[in-house]
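First comes the structure, then the notes that go with it.
None of the values given here were measured: they were computed from a predicted structure.
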Protein chains: 2
Amino acid sequence: MAVSPTKKKILDEASKLFQERGYLASSMRDLAKRVGLKASSLYSHIGSKEELLQKICFDSARGYLEGMRAIEESDMRPTKKVEQLILLHIQIATTDVSSMTIFSEEWRHLSEPYLQEFRNMRRDYERRFGRILQQGMESGEFTEMNVTVCLSTIFTSLRWLHRWYPEKRSISMKALEADLLRFLMNGLRK
Amino acid sequence: MAVSPTKKKILDEASKLFQERGYLASSMRDLAKRVGLKASSLYSHIGSKEELLQKICFDSARGYLEGMRAIEESDMRPTKKVEQLILLHIQIATTDVSSMTIFSEEWRHLSEPYLQEFRNMRRDYERRFGRILQQGMESGEFTEMNVTVCLSTIFTSLRWLHRWYPEKRSISMKALEADLLRFLMNGLRK
DNA sequence: GTCTATAACTTGATAGAC
DNA sequence: GTCTATCAAGTTATAGAC
């Protein structure tokens, strides 16, 4: 299971490169240059360009799903669960910026059957998130509204983090998290 | 200023194609096939592939900026202004789905000097939107929080519309707009 | 493992006949 | 205006020497 240092470097640089330019606009020559190799040498460590995208996408997906399971199994109120889920997204976005971007936007360049598999995992996650929102509405903690609207709004608004974060550090991380969490929880309340 | 029917068809199909697959993943041969021509024939009507992207991006930008100006010039309260801006976004997203997507995500494939110009227009729009939010906080209509956080959250959450809308029609357009508006205005209130 | 060389293919765009 | 033919450049990936 130990990953060689070169392979790790390739994966790290690929994450950054795909984030900056997008998967399609990133060539294996660009990647090799950043790693300090010729393009052909990359293939001693990896099988293909898409394999890199697959690894990034599915590793990220695993992170979300594990976090979701831990929260589901707890006996918190829906309000607290949603708070924890939002904090999970924020934490992933701020600790692993490049993967988050790729996970959010580049996954559609996966080929089958990976594309289908990714979509399934995503839908599973969304359904489980939606179920918690539903519970919160039924228990009267949240205002009644279309679950898909809430869900999509929360997801996409958590997605801007990965664009914004690497740039400005004028506002402290803690303050940012607090304001974002407050805005979204505010949106749900009665 | 009249655009020939063929040119219009090329623009329309380009919008749809770029939205579905992304700008880079769309080839001129794909586009030609949809239009019902050979790739080389496209160049009797347009100058280049990027010219299509430019037109889509800047036409969209114009729509937002015009809407912004009308709202700025009115004498509504900040709350009402923000409501109107959100409705403007919803309206653009639901009437011109493909352009909205490209405007949101594909603009970065513009080359200079268009890229710089686009960024400037975007920043201008964001600043003006931010100023209204600031006014609302100062007047006590909105809760005090980081303006960039509000702004980015509102923008990106309005952006999911263009992914969601073409698919599901189970919820009526009016209900959707109402819930989304409510969620976001809720997020701002004290 | 890394390199050079290259295969096999796709891309945007052009030339020139009709 | 549309076509066929083609160019020039770029792509992922492989072969084989070292």
Side-chain angles (χ1 to χ4, degrees), chain A residues 1-58 102 105-115, chain B residues 1-58 102 105-115:
Chain A
M1 190 58 191
V3 178
S4 78
T6 310
K7 180 153 186 180
K8 177 158 170 39
K9 170 122 192 170
I10 291 172
L11 273 164
D12 287 349
E13 294 295 336
S15 279
K16 284 190 260 178
L17 188 62
F18 294 172
Q19 180 204 9
E20 288 168 30
R21 305 195 198 169
Y23 176 71
L24 286 179
S26 304
S27 77
M28 294 303 272
R29 288 170 177 80
D30 296 331
L31 176 58
K33 201 168 283 173
R34 294 212 186 183
V35 176
L37 288 174
K38 295 292 172 182
S40 58
S41 307
L42 295 173
Y43 292 91
S44 297
H45 304 274
I46 59 156
S48 69
K49 183 186 178 185
E50 199 191 309
E51 188 187 292
L52 293 167
L53 182 63
Q54 287 160 13
K55 185 144 177 47
I56 295 165
C57 287
F58 286 101
I102 298 163
E105 293 174 13
E106 304 297 327
W107 58 267
R108 65 174 167 158
H109 298 115
L110 290 169
S111 65
E112 299 295 0
Y114 302 98
L115 183 60
Chain B
M1 188 62 192
V3 177
S4 78
T6 310
K7 180 153 188 181
K8 175 154 171 43
K9 169 124 193 174
I10 292 172
L11 274 164
D12 287 349
E13 293 294 337
S15 279
K16 284 191 258 176
L17 189 62
F18 294 171
Q19 180 205 9
E20 287 168 31
R21 305 195 196 167
Y23 177 72
L24 286 179
S26 305
S27 77
M28 295 302 273
R29 286 166 176 80
D30 295 331
L31 176 58
K33 200 167 285 175
R34 294 210 187 184
V35 177
L37 287 175
K38 295 293 172 182
S40 59
S41 307
L42 295 173
Y43 292 90
S44 296
H45 304 274
I46 59 157
S48 68
K49 183 186 178 186
E50 199 191 308
E51 189 188 291
L52 294 167
L53 182 63
Q54 287 160 13
K55 185 142 177 49
I56 295 166
C57 287
F58 287 101
I102 299 162
E105 292 172 14
E106 304 297 330
W107 58 268
R108 65 174 167 158
H109 298 114
L110 290 169
S111 65
E112 301 294 359
Y114 303 98
L115 183 59

Could you tell me whether the side chain of Tyr114(A) reaches within less than 4.5 Å of the side chain of Leu53(A), counting heavy atoms only?
->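 No - every pair of side-chain heavy atoms lies 4.5 Å or more apart.
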Is there side-chain contact between Glu105(A) and Tyr23(A), with at least one heavy-atom pair below 4.5 Å?
-> no
Could you list the donor-acceptor pairs under 3.5 angstrom formed between side-chain atoms of residues 2-13 of chain B and any protein atom two or more places apart in sequence or on another chain?
from: Ser4(B); atom 1: OG; to: Lys7(B); atom 2: N; distance (Å): 3.2
from: Lys8(B); atom 1: NZ; to: Asp12(B); atom 2: OD2; distance (Å): 3.1

side-chain hydrogen bond (donor to acceptor under 3.5 Å, both in side chains) partners for Ser41(A), two or more places apart = none
Figure out the [atom1]/[atom2] separation between [X] and [N], and round it to whole Å.
X	N	atom1	atom2	result
Leu42(A)	dT14(D)	CG	P	12 Å
Leu17(B)	dG12(C)	CG	P	10 Å
Tyr43(B)	dT4(D)	OH	P	16 Å
Lys49(A)	dA13(D)	NZ	C1'	12 Å
His45(A)	dC3(C)	NE2	C1'	12 Å
Leu31(B)	dT2(D)	CG	P	13 Å
Glu50(A)	dT11(D)	CD	P	18 Å
His109(B)	dT11(C)	NE2	P	15 Å

Report each atom pair, protein N/O against N/O of nucleotides 16-18 of chain C, whose distance is under 3.5 angstrom.
none

Neighbours of DNA chain D within residues 21-28 of chain A, by heavy-atom distance under 4.0 Å | Ser26(A), Ser27(A), Met28(A)
Heavy atom of residues 32-41 of chain B under 4.0 Å from DNA chain D: which residues?
-> Leu37(B), Lys38(B), Ser40(B), Ser41(B)
With Arg29(A), which residues qualify under salt bridge (charged side-chain N to carboxylate O under 4.0 Å, His left out), at least two apart?
->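 Applying salt bridge (charged side-chain N to carboxylate O under 4.0 Å, His left out) to Arg29(A) gives none.
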Between Thr6(B) and Arg29(B), name the one whose nearest nucleotide on DNA chain D is closer to the 5' end.
-> Thr6(B)
Quick one: side-chain contact (heavy atoms from CB on, under 4.5 Å) partners of Ser44(A), sequence neighbours excluded?
-> none
Taking side-chain contact (heavy atoms from CB on, under 4.5 Å) as the test, write out the residues that go with Leu115(A), two or more places apart.
->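 Leu115(A) satisfies side-chain contact (heavy atoms from CB on, under 4.5 Å) with Trp107(A), Leu110(A), Glu112(A), Arg119(A) once adjacent residues are dropped.
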Shortest non-hydrogen contact from Ala25(A) toward Asp30(A) =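 Scanning both residues completely, I find the closest heavy atoms to be O-OD2, 4.0 Å.
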Heavy-atom closest pair, residues Ser27(A) and Leu17(A) |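 Looking at all heavy atoms of both residues, the closest pair is O-CD2, 4.2 Å.
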Phe58(A) CZ: over 12 foreign heavy atoms closer than 6.0 Å | yes
Applied to residues 31-42 of chain B, the salt bridge (Lys or Arg N to Asp or Glu O under 4.0 Å) test, sequence neighbours excluded, yields Glu20(B)-Arg34(B)
